2 protein chains.
Amino acid sequence: MESSRKGRTSPTITDVAELAGVSRAIASRALSHESRPVSADKRARVLEAAEKLGFKPNLLARSLTTKTVNLIAVIVNHIHDFSDLDLFDFLIGEIQSIGKQVIFVRVGSVQRAEEFLRNGVAYHVDAALVFSDFAAAADVRKMFRNAAVLMLNGMHDGTSPSVVPNEVIGITEAVADAAGKGVATAAMVTGRISSPVEQSRIATYKSEMKRHGIRLVAELRGDYSYASGRQMAQSSGWTDVDAVFCTSDAMAMGVMDVHREAFPHNKPARFRLYGFDNLSLTDFEAYPISSIGYDKKAYVGEILRFLTRTGEVAGDRVDVTVPTFFVSRATS
Amino acid sequence: MESSRKGRTSPTITDVAELAGVSRAIASRALSHESRPVSADKRARVLEAAEKLGFKPNLLARSLTTKTVNLIAVIVNHIHDFSDLDLFDFLIGEIQSIGKQVIFVRVGSVQRAEEFLRNGVAYHVDAALVFSDFAAAADVRKMFRNAAVLMLNGMHDGTSPSVVPNEVIGITEAVADAAGKGVATAAMVTGRISSPVEQSRIATYKSEMKRHGIRLVAELRGDYSYASGRQMAQSSGWTDVDAVFCTSDAMAMGVMDVHREAFPHNKPARFRLYGFDNLSLTDFEAYPISSIGYDKKAYVGEILRFLTRTGEVAGDRVDVTVPTFFVSRATS
DNA sequence: CTGTTAGCGCGTTCAC
DNA sequence: GTGAACGCGCTAACAG
């Protein structure tokens with residue numbers, strides 16, 4: 001049968017070609033964004049026909065031959081953390097601005113993540129941005145058909161490119177700030193020790209404290225959350241120190257709420273408090289916590305550079321780094 | 001040429017059929033989830049071959065004939081608001097639990113939203129969950145190929161189904177709480193007046209205040225954000241009242257920070273403060289704001305019911321409602 | 001520059 | 001039960 005279907009299905013390129021009186025290939029070229037050879041005459045007729053029919057190409061069908069869907073997968077553990085909020089809104093907007101859309105995948109339970117990923121459409125994306133640390137780079141790569149995998153979780157194996165904030169800079173500044181104010185003893189409130197990012201973060205704090213002669217008196221293990229910050233602050237392991245370094249702002253907020261009396265008029269009376277993440281929440285009057293942040297524009301800029309890089313100029317800039325910096329607020 | 005491709009492309013069903021020594025149709029049936037007629041013998045061979053090759057069907061190609069991709073679009077204005085954080089993590093997890101994945105679309109500038117949507121893969125999703133209020137239901141429907149559109153932004157036209165929290169309940173309780181505590185005058189800090197949700201919210205507050213004989217002394221217009229809450233609290237329009245009703249918790253937090261001295265030991269001394277959203281942040285010690293919330297499990301449950309409904313049992317339950325409730329905390 | 005042909009990978013008739 | 005053949009919508013490759 002000829003194409004003129006009556007059904008309520010949307011018009012295809014065949015309908016357009018038919019109406020314009022040209023072959024499908026010509027219609028395809030005329031409608032292509034790239035300039036392919038078509039006579040001005042026919043091009044006009046095709047465009048007119050397409051307009052008249054309200055034709056929209058089926059991107060899924062197109063991907064079958066072009067091997068590209070303009071879809072980016074964003075893989076996260078979850079989006080409970082406040083720090084996510086600051087970042088993802090901006091990131092999604094930027095990705096959309098280059099004509100791609102985002103499949104948001106929450107790995108959560110981590111368990112059958114691989115099976116889950118390989119059985120979903122996310123398996124077919126052009127690129128995957130991996131914030132979650134549910135698997136090593138090599139394993140993650142297997143979970144995407146032909147996708148370019150960018151590791152943003154601090155893990156990298158030299159094959160998959162990565163972008164990570166260089167936390168050494170900010171931590172160095174923060175500890176130096178404390179030392180300059182006469183801090184001699186300190187406690188740390190840490191997050192998930194299983195995370196490699198957290199491990200190197202802690203190591204950096206320790207070596208910087210050592211360099212400045214600050215004695216680490218206690219190390220309390222939380223899980224980055226506000227609740228765990230409160231819990232640590234009330235625990236038996238809590239001791240008197242000159243400063244408390246938390247590896248997340250949320251935990252620092254919990255600590256601050258438990259020890260409100262230690263910050264009369266928001267000034268530190270008993271100990272100085274340092275957070276991490278530079279949440280926008282720390283601009284709230286109730287939580288003026290000194291923190292460590294990084295330039296999100298620069299960070300997302302690197303991610304976009306990865307997504308828009310032409311062809312395989314890999315090898316080049318495998319592991320990219322973005323500087324962090326210390327932000328001094330009332331609590332220090 | 002026979003199929004045995006050497007390229008690094010992933011195995012197709014043709015490869016599986018070849019290895020199993022059966023036709024492609026048989027392989028397709030054997031691999032189908034639904035029970036189609038295949039001899040046990042061949043079925044076993046096919047499954048074994050698929051396993052050996054690590055075959056994964058191309059979901060994009062499949063969608064070409066099945067007209068379903070198991071993709072859900074979630075359309076938002078942006079994800080700046082803290083209230084989003086509480087909801088989306090849960091929502092995405094639930095959607096994934098029924099075997100579907102999520103395309104997250106941030107409409108943002110609202111301008112060429114239609115063009116943007118129709119030119120992206122999101123156009124081809126199975127269903128769209130519309131939190132953004134960038135367009136009316138009828139217009140939104142045109143932006144998705146064959147998708148079922150669920151309006152979650154308070155807009156509905158009787159054709160597209162919707163789920164909305166019934167805010168009247170919570171507001172009624174909140175105003176009654178104030179009246180019971182002797183509140184006689186009040187101010188309102190509102191959000192984007194252009195939103196129909198906001199308009200009806202304000203109207204409900206007003207009628208409830210009227211019923212209880214509470215006089216509305218001032219109406220300040222913010223934008224839901226913490227910053228705008230601070231701004232309103234410092235503006236010239238600010239006056240002495242017995243209670244302040246804010247249409248978002250974030251604004252209430254801003255108000256509270258500007259008037260900290262009005263809440264010694266977190267108890268209201270000069271005026272009572274009511275928020276809206278019941279953010280998890282209001283469980284923080286620094287912002288114990290009485291608020292209005294709703295059962296997110298019930299809300300997401302209704303959304304899932306929509307996504308999993310069998311075929312077109314439409315007409316049935318077009319506009320669904322979820323009750324809100326008042327949560328009393330220290331500020332009231 | 002043009003039109004025809006041959007796929008992309010998969011599901012589904014429809015005869016056998 | 002089986003397999004050949006066709007269609008989904010589109011584009012790359014190849015002749016003209």
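Note on naming: letters A, B, ... go to the chains in the order of the sequence lines (proteins, then strands), and numbering restarts at 1 for each one. Given the structure is predicted, the values throughout are model-derived calculations rather than measurements.
Separating the CD atom of B/Glu18 from the P atom of D/dG3 is a distance of 14 Å, rounded to the nearest angstrom. Computed from coordinates, the A/Leu31 CG to D/dA12 P distance equals 13 Å when rounded to whole Å. Taking atom CD1 on A/Ile13 and atom C1' on D/dA12, their separation rounds to 13 Å, with Å as the unit. Distance A/Asn146 CG to C/dC8 P: 15 Å, rounded to the nearest Å. Between B/Asp41 atom CG and D/dT2 atom C1' the separation is 13 Å, expressed in whole Å. If you take NE2 of B/His124 and P of D/dC8, they are 16 Å apart, rounded to a whole angstrom. Following rounding to the nearest Å, B/Ile26 (CD1) and C/dT12 (C1') show an atom-to-atom distance of 12 Å.
Contact between the side-chain N/O atoms of B/Ser39 and the OP1/OP2 oxygens of D/dT2 is found at a separation under 4.0 Å. At the phosphate of D/dG1, neither OP1 nor OP2 sits under 4.0 Å from any side-chain N or O atom of B/Lys42. Side-chain nitrogen and oxygen atoms of B/Ser23 include at least one within less than 4.0 Å of the OP1 or OP2 phosphate oxygen of D/dG3.
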Report all side-chain donor-acceptor pairs from residues 51-60 of chain B shorter than 3.5 Å, counting only partners two or more places apart or in another chain.
residue, atom, partner, partner atom, Å
B/Lys56, NZ, A/Asn119, OD1, 3.3
B/Asn58, OD1, B/Leu60, N, 2.8
B/Asn58, OD1, B/Ala61, N, 3.1

Identify each donor-acceptor pair in which a side-chain atom of residues 92-101 of chain A lies under 3.5 Å from a protein atom, sequence neighbours left out, and give them as a table.
residue, atom, partner, partner atom, Å
A/Gln96, OE1, B/Arg106, N, 2.9
A/Gln96, NE2, B/Arg106, O, 2.7
A/Ser97, OG, A/Glu94, O, 2.6
A/Lys100, NZ, A/Asn70, OD1, 3.1
A/Gln101, OE1, B/Val121, N, 3.1
A/Gln101, OE1, B/Ala122, N, 2.8

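When atom types are taken as modelled, the side chain of A/Asp89 and the backbone of B/Ile79 share a donor-acceptor pair closer than 3.5 angstrom.
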Produce the list of close N/O pairs, under 3.5 Å, pairing protein atoms with atoms of nucleotides 13-16 of chain D; give distances to one decimal.
residue, atom, partner, partner atom, Å
D/dA13, N6, A/Arg29, NH2, 3.1

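The stretch residues 58-72 of chain A touches DNA chain C through A/Leu64, A/Thr65, A/Lys67, each having a heavy atom under 4.0 angstrom from the strand. Within residues 46-57 of chain B, no residue places a heavy atom under 4.0 Å from DNA chain D.
Looking at residues two or more places apart in sequence or on another chain, you find no salt bridge (charged side-chain N to carboxylate O under 4.0 Å, His left out) involving A/Arg62. Shown here are the side-chain contact (heavy atoms from CB on, under 4.5 Å) partners of B/Arg45, two or more places apart in sequence or in another chain: B/Ala20, B/Val22, B/Asp41, B/Lys42. Partners of A/Arg192 according to the salt bridge (charged side-chain N to carboxylate O under 4.0 Å, His left out) rule, which considers only residues two or more places apart in sequence or in another chain, are A/Asp133. Not counting sequence neighbours, the partners of A/Ala135 by the side-chain contact (heavy atoms from CB on, under 4.5 Å) test are A/Asp139, A/Val140, A/Met143. With sequence neighbours excluded, the residues satisfying side-chain contact (heavy atoms from CB on, under 4.5 Å) with B/Lys297 are B/Phe90, B/Asp295.
Counting heavy atoms from C-beta outward, A/Leu307 and A/Ile72 have side chains that approach closer than 4.5 Å. Between B/Val130 and B/Val149 the shortest side-chain heavy-atom distance falls below 4.5 Å.
Between the CZ atom of A/Phe144 and the NE2 atom of A/His124 there is a distance of 11.5 Å, given to the nearest 0.5 Å.
In this structure, A/Lys296 is positioned above the aromatic face of A/Tyr294, its NZ or CZ under 6.0 Å from the six-membered ring centre and within 45° of the axis.
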Let me see the working for A/Asn153 and A/Val197 under side chain to side chain contact (heavy atoms under 4.5 Å, CB included), right down to the final yes or no. CA-CA 7 Å; A/Asn153 53 10; A/Val197 174; 5.7 Å; no
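Bending across the helix from C/dC1-D/dG16 to C/dC16-D/dG1, expressed as the angle between its end axes from five pairs apiece, amounts to 50° (10° rounding).
The list of salt bridge (charged side-chain N to carboxylate O under 4.0 Å, His left out) pairs with a residue in residues 143-162 of chain A, not counting sequence neighbours, reads A/Arg141-A/Asp157.
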